[in-house]
Amino acid sequence: MNASEPALGAVELKVGEPGPLAAALAGEHARILLEVAFGADTAAVQPPGGLRLGVPNRALGGSPPTEVWLSGRPVERGRRGEIAWAGNGEALFGCVTRGLEQGTAAATRAAFAELLALADEQGCPHLVRVWNFLPGINDEERGVERYRLFNIGRAAAFDERYGESEAERRFSASSAVGAPGTRLVTCFAAAASAGLHLGNPRQVHAYRYPADYGPRAPSFSRATLAPAALGGALFLSGTASVAGHETRHAGSLEGQLDETLLNIEALLGAGAAGGPLPGLRDFDLVRVYLRSAAAVGCVRARLRERLGERVPLVFVEADICRSELLLEIEGVALG
Ligand code: 3EB
């Protein structure tokens with residue numbers, strides 16, 4: 001391959017209002033891997049029309065509500081059971097939504113069992129990013145918090161596919177936040193070759209959290225550097241005011257925001273095997289989940305000071321997985 005050509009699997013990301021975005025992408029339909037629309041009815045629209053996921057959480061403060069992942073070359077699309085997917089051989093995107101009638105643990109286990117099986121079958125067995133939107137994330141279901149039940153189901157699916165000892169090497173960047181509605185919405189990106197899953201020097205690996213946070217620890221890494229074939233994108237997990245494993249600054253939005261930024265900077269500053277990581281000002285998307293819509297003005301002003309004006313900043317209303325947490329920040333820096 002000519003070194004100046006983009007990798008075949010390289011992905012692009014566009015964020016905007018649905019109308020202008022659709023106009024900008026007219027004629028590009030064959031290259032669209034995934035469209036995610038916030039504040040929309042929950043549904044993974046079936047191929048061949050294109051893979052489009054509605055996430056019920058509202059975009060806040062005039063944030064652009066739609067994001068589109070584009071492939072450098074035409075994509076193939078399909079369905080497997082409850083999952084709708086699109087891929088180009090190097091990158092695979094998929095979406096699954098599931099009612100929680102059978103219980104949150106069982107529903108989550110089934111959703112993840114299916115997505116891990118699909119990823120293997122499609123030749124993209126390496127997860128690089130998972131986004132989860134869980135209704136009633138802090139509510140109890142027969143005396144246990146839903147997020148904890150979600151963690152039980154997710155861990156069981158990873159154990160079942162990879163075995164307990166191998167599973168933690170597969171945990172990718174992730175977010176898990178609350179959602180309106182009744183269905184678990186999970187969306188993922190996977191790659192044909194392995195990426196690099198990163199820890200955060202200020203934080204315990206989430207998969208090593210002590211049992212105080214639930215019987216099964218959360219199955220994710222703090223960030224994933226996607227393989228070169230996928231453009232070497234850096235996927236930053238949802239990051240919150242957690243130091244070590246403890247929640248910091250309960251009740252203080254500013255305190256949590258500053259602690260979260262310290263966490264993100266510690267991760268980015270630690271670099272990765274093979275080189276430095278991008279700085280936050282180089283990110284192509286920073287998304288902020290806010291428990292309270294009223295917080296958007298204050299958080300935006302502080303983030304603009306820190307990030308500058310270039311980085312697309314998207315605010316989304318969502319409960320956070322620990323009831324004391326008021327916000328969570330994630331992002332993507334394309335390679
Ligand atoms: C934390 O640090 C905050 O369960 O997939 C952040 C990112 C959080 C991902 C997940 C949870 C998840 O534990 C919560």
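FYI, side chains are in, hydrogens and waters are out, and symmetry mates aren't considered; it's all heavy atoms of this structure. If you read the sequence from its start, that first residue is 1, and numbering goes on from there.
Scanning both residues, T239 and T260, for their nearest heavy atoms gives O-CG2, 3.1 Å. Nearest heavy atom pair, residue P56 against residue P180, reads CG-O, 3.5 Å. Residues V96 and L115 come closest through the heavy atom pair CG1-CD2, 4.5 Å. In terms of heavy-atom proximity, L236 sits nearest to R129 at O-NH2, 3.2 Å. Pairing each heavy atom of G54 with each of A40, the nearest pair is CA-CB, 3.9 Å. What you find for V15 and P64 is that their closest heavy atoms are CG1-CG, 3.6 Å.
Residue pairs that meet the salt bridge (Lys or Arg N to Asp or Glu O under 4.0 Å) test with at least one member in residues 131-143, sequence neighbours left out, are E141-R146. Applying the salt bridge (Lys or Arg N to Asp or Glu O under 4.0 Å) definition to pairs two or more places apart or across chains, those involving residues 254-267 are R202-E259, R248-E259, D258-R302, E265-R306. For residues 57-71, the pairs satisfying salt bridge (Lys or Arg N to Asp or Glu O under 4.0 Å) are R58-E317, E67-R287, with sequence neighbours left out. Sorted by first and then second residue, the pairs that involve residues 112-128 and meet side chain to side chain donor-acceptor pair (under 3.5 Å), not counting sequence neighbours, are R80-E121, D120-R161.
In terms of modelled atom types and a separation under 3.5 Å, the side chain of N138 and the main chain of E145 share no donor-acceptor contact. Side chain of R222 to backbone of V204: a donor-acceptor contact under 3.5 angstrom is found. A distance-only check finds a donor-acceptor pair linking the side chain of N200 to the backbone of N263 [under 3.5 Å]. No donor-acceptor pair under 3.5 Å is formed between the side chain of S71 and the backbone N or O of V11.
The closest side-chain heavy-atom distance from R310 to D284 is below 4.5 Å. For the pair V75/L51, no side-chain contact is recorded, criterion being any heavy-atom separation below 4.5 Å from C-beta on. Looking only at side-chain heavy atoms (C-beta outward), E330 and S237 stay at 4.5 Å or farther from each other. Contact annotation: the side chain of L184 approaches that of T108 to within less than 4.5 Å [non-hydrogen atoms, C-beta and beyond]. You'll find the side chain of L127 stays beyond 4.5 Å of the side chain of T224, heavy atoms only. When side chains are defined from C-beta on, V55 does not count as touching W131, because their heavy atoms never get closer than 4.5 Å. For the pair V316 and V177, the minimum side-chain heavy-atom distance is 4.5 Å or more. Contact annotation: the side chain of L325 approaches that of S241 to within less than 4.5 Å [non-hydrogen atoms, C-beta and beyond].
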> How far apart are the C-alpha atoms of V144 and T104, what are their side-chain angles, what is the distance that settles it, and do they pass the side-chain contact (heavy atoms from CB on, under 4.5 Å) test?
Replying inline: CA-CA 10 Å; V144 184; T104 295; over 6 Å; no
>> For C95 and V185: C-alpha separation, side-chain torsions, deciding distance, then whether side-chain contact (heavy atoms from CB on, under 4.5 Å) applies.
In response: CA-CA 7 Å; C95 306; V185 175; over 6 Å; no
>> One pair to check against salt bridge (Lys or Arg N to Asp or Glu O under 4.0 Å): K14 and E28. What are the steps and the verdict?
In response: CA-CA 12 Å; K14 304 218 181 284; E28 302 277 31; over 6 Å; no
> After noting the C-alpha distance and the side-chain angles of H197 and S172, does the key distance pass the side-chain contact (heavy atoms from CB on, under 4.5 Å) rule?
Replying inline: CA-CA 6 Å; H197 303 307; S172 73; 3.8 Å; yes
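We find the CD1-CZ distance between I83 and F188 to be 5.0 Å, quoted to the nearest 0.5 Å. Atoms SG and CG, on C298 and L257 in that order, are 7.0 Å from each other to the nearest 0.5 Å.
Applying the side chain to side chain donor-acceptor pair (under 3.5 Å) criterion to D282, with sequence neighbours excluded, gives no partner residue.
Other members of the cluster containing L25 are L21, I32, V68, L70, with ILVMFWY side chains joined at under 4.5 Å, either directly or via other members.
Note that R170 lies outside the cation-pi zone of F158, set by a 6.0 Å cut-off to the ring centre and a 45° limit from the axis.
For D212, the CG atom is densely surrounded, since the number of other residues' heavy atoms within 6.0 Å is greater than 12.
Ring pair Y209/Y213 is tilted by interplanar angle, where 30° to 60° counts as tilted. Taking the six-membered ring for Trp and thresholds of 30 and 60 degrees, F133 and F38 have ring planes more than 60 degrees apart, a perpendicular arrangement.
Side-chain polar atoms of E168 and Y162 form no donor-acceptor pair below 3.5 angstrom. No side-chain donor-acceptor contact under 3.5 Å links R148 and N151.
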